[in-house]
Participant: 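Have a look at this one before I ask anything.
First the proteins, then the strands, lettered A, B, ... as listed; each starts at 1.
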Protein chains: 2
Amino acid sequence: MTLKLDKVNRGPHLSTLVASSISREIVQGRLKPGDQLPTEQQLAQTFGVSRNVVREAIARLRSEGRIWSQQGRGAFVADQPNATVLTIDFEALQQANAFQSLFELRGILEVEAAALAAKRRTRDDLLAMKDVLATMHAAPYGSVMWLKTDLEFHKTVAAATGNAYMVQFLMFVSERVRESILASGNQQRSEDLAVVTLGEHQRILDAIEAGDGAEAREAMRDHLHGAASRVGLGAEQSE
Amino acid sequence: MTLKLDKVNRGPHLSTLVASSISREIVQGRLKPGDQLPTEQQLAQTFGVSRNVVREAIARLRSEGRIWSQQGRGAFVADQPNATVLTIDFEALQQANAFQSLFELRGILEVEAAALAAKRRTRDDLLAMKDVLATMHAAPYGSVMWLKTDLEFHKTVAAATGNAYMVQFLMFVSERVRESILASGNQQRSEDLAVVTLGEHQRILDAIEAGDGAEAREAMRDHLHGAASRVGLGAEQSE
DNA sequence: GAAACCAGTGTTGTATGATAACCATGTAAG
DNA sequence: CTTACATGGTTATCATACAACACTGGTTTC
């Protein structure tokens, strides 16, 4: 197996950057529904890209329903419809800070889920967790099976909260995070790390079994912190 | 490979038509996962449009996760029908425990968002929060304006975390919660409650302004607890 | 005075050509 | 067999031009 060292995150397309930049303006409220966007010329100049790139970005935002545009008039921020679906743009995630944001969100949910799980876990939940952990022991580190069971463990923890939406959201976010990690390809592989990871999982499980919410929270926090550094995201995570 | 790609009829946006045309090829199986799309030149010629239009269409499909492209190689049909969307069934929410679960999830996000906001808020964030709070003072309790600004306040708090996904998720969840509350129609209305709510908001704002994460967390927790009882969900919330 | 008409200007939509960055492949040199 | 280089093809981006459409203001017409 050859090492892929210098697979530096080749930045996503310029249009993606422009799109998420405009999108941020809308989400954070600096551009309100009904507001008119700057002209394509101005946007191109502002971002320092060609008008073509701006158009690709706008085409995307238009397809997402965030803005609408009319020939001869301009582009406007759409009234945010009661979006009944939540989407995460895969490409936008290639940006480091976007990935970091999603990772942070995942962390919050995981940590609190662990705490809730410690309070509410049933006997069946514990059995499921132990079962997954055993399977994980048998799988080679970094293999598809290993990654799958890793995700499965976190799922059982979330399930132990008894909150179905917790499972749904957490799995959704985790899947996106996992995809992004796989895409970037900068995973470290080592048998030592396998032992570390398994140990962290065990600590979480113990805390949940003991019903110690605070300890479960801490254990999960440490685990995620460790996982972050394992995928080369160590330094930025700070408190 | 002989693909059946009809020439496009002049409609709203050419890029839209091209995108849906390619999309149809994928859905109907004439383009399978892993297949390479024709080059942009060929597509432009096939559809009778400029390469620019083709690129806008591809940009859309790429953001939707249907295809993926790499400079120097080409564009390919994505192998996963990526479940990149998350949905919440409105009807299922009518069940009390489902609603409660979603409320709990929202609570976790709100509380942690408040803590993060206290650490990271900028001057602009504070101004936005104060602005919203002032608007809320002027709105009659329970009115549409009131509910809107209430949501807006929480949004500005989320925005102050600097985490775009936090905003996206929280707003998504909050919208569903709000819908459900409106549907159930069991809101209590009283001017006294208005004062209470505003006071709670003020306390959150103060904590965030002071940069006190722990206090912000507590203030938000209390606020949500109060809000829960105001919509007849008081007793169940426990820690 | 008011309505219809009309030209001018600005914006988006589309077309076209060119250049840079990148990948895959073949071929010659070692 | 391996390495280096040359070559052609593709995407990514830039730049420019023109067409289609909307808005504005003045002019004409009734």
Participant: OP1, OP2 of dA15(C) versus side-chain N and O of S50(B): anything below 4.0 Å?
Facilitator: yes
Participant: Among pairs that include at least one residue of residues 36-54 of chain B, which meet salt bridge (Lys or Arg N to Asp or Glu O under 4.0 Å), considering only residues two or more places apart or in two chains?
Facilitator: E40(B)-R51(B), E40(B)-R55(B)
Participant: On the 0 to 90° scale, with breaks at 30° and 60°, tag the H154(B)-H201(B) ring pair as parallel, tilted or perpendicular.
Facilitator: perpendicular
Participant: May I have the distance from N52(B) (atom CG) to dA19(D) (atom P), rounded to whole angstrom?
Facilitator: 17 Å
Participant: I'd like to know whether R120(B) forms a salt bridge (charged side-chain N to carboxylate O under 4.0 Å, His left out) with E104(A), so could you lay out the CA-CA distance, the side-chain angles of the two residues, the decisive distance to 0.1 Å, and finally the verdict.
Facilitator: CA-CA 14 Å; R120(B) 302 182 185 159; E104(A) 178 177 79; 2.4 Å; yes
Participant: Can you tell me the distance, in whole Å, between the CD atom of E56(A) and the P atom of dT11(D)?
Facilitator: 12 Å
Participant: Give the nucleotide from the list dT11(D), dA20(D), dT14(C) with an atom nearest to the side chain of R55(A).
Facilitator: dT14(C)
Participant: Of V49(A) and Q71(A), whose nearest nucleotide on DNA chain D comes first from the 5' end?
Facilitator: V49(A)
Participant: Between dC21(D), dT14(C), dC14(D), spot the one nearest the side chain of V53(A), thanks.
Facilitator: dC14(D)
Participant: Give the residues of residues 17-26 of chain A touching DNA chain C, defined as any heavy atom closer than 4.0 Å, sorted by residue number.
Facilitator: none
Participant: Hey, does the side chain of R73(B) come within less than 4.0 Å of dA24(C)'s phosphate (OP1/OP2), counting only N and O?
Facilitator: yes
Participant: Between dT11(C) atom C1' and Q45(A) atom CD, what is the distance in whole Å?
Facilitator: 15 Å
Participant: Please state how far atom CD in Q41(A) lies from atom C1' in dA15(D), giving the value in whole angstrom units.
Facilitator: 11 Å
Participant: Can you measure F47(A) atom CZ to dT13(D) atom C1' for me and round it to whole angstrom units?
Facilitator: 16 Å
Participant: Can you tell me how far apart CG (L170(A)) and CG (L105(B)) are? Round to the nearest 0.5 Å.
Facilitator: 9.0 Å
Participant: Which one, dT12(C), dA15(C), dT10(D), comes nearest to the side chain of T39(A)?
Facilitator: dT12(C)
Participant: Testing the basics here: between A216(B) and I208(B), what is the closest heavy-atom pair and its distance to 0.1 Å?
Facilitator: CB-CG1, 4.2 Å
Participant: Looking at every strand, decide which applies to I58(A) at a 4.0 Å heavy-atom threshold: base, sugar-phosphate, or nothing.
Facilitator: nothing
Participant: Run the side chain to side chain contact (heavy atoms under 4.5 Å, CB included) check on R176(B) and F172(B) step by step: do they pass?
Facilitator: CA-CA 7 Å; R176(B) 301 281 103 40; F172(B) 182 69; 3.4 Å; yes
Participant: Under 4.0 Å, heavy atoms only, any strand: does Q70(A) hit a base, just the sugar-phosphate, or nothing?
Facilitator: sugar-phosphate
Participant: Within the pair S69(B) and dA12(D), is there a side-chain N or O less than 4.0 Å away from OP1 or OP2?
Facilitator: yes
Participant: For residues T149(A) and M136(A), report the shortest heavy-atom separation together with the two atoms involved.
Facilitator: OG1-CG, 3.6 Å
Participant: To the nearest Å, give me how far apart CZ (R60(B)) and C1' (dG13(C)) are.
Facilitator: 15 Å
Participant: Does R51(A) contact dG13(C) through a side-chain donor or acceptor facing the base, at a distance under 3.5 Å?
Facilitator: yes
Participant: Between E152(A) and K155(A), does any side-chain N to carboxylate O distance fall below 4.0 Å?
Facilitator: no
Participant: In whole angstrom, give the distance that lies between atom CD of E40(B) and atom P of dA15(C).
Facilitator: 14 Å
Participant: Please report the distance, rounded to the nearest Å, between CG in L14(B) and P in dA20(D).
Facilitator: 12 Å
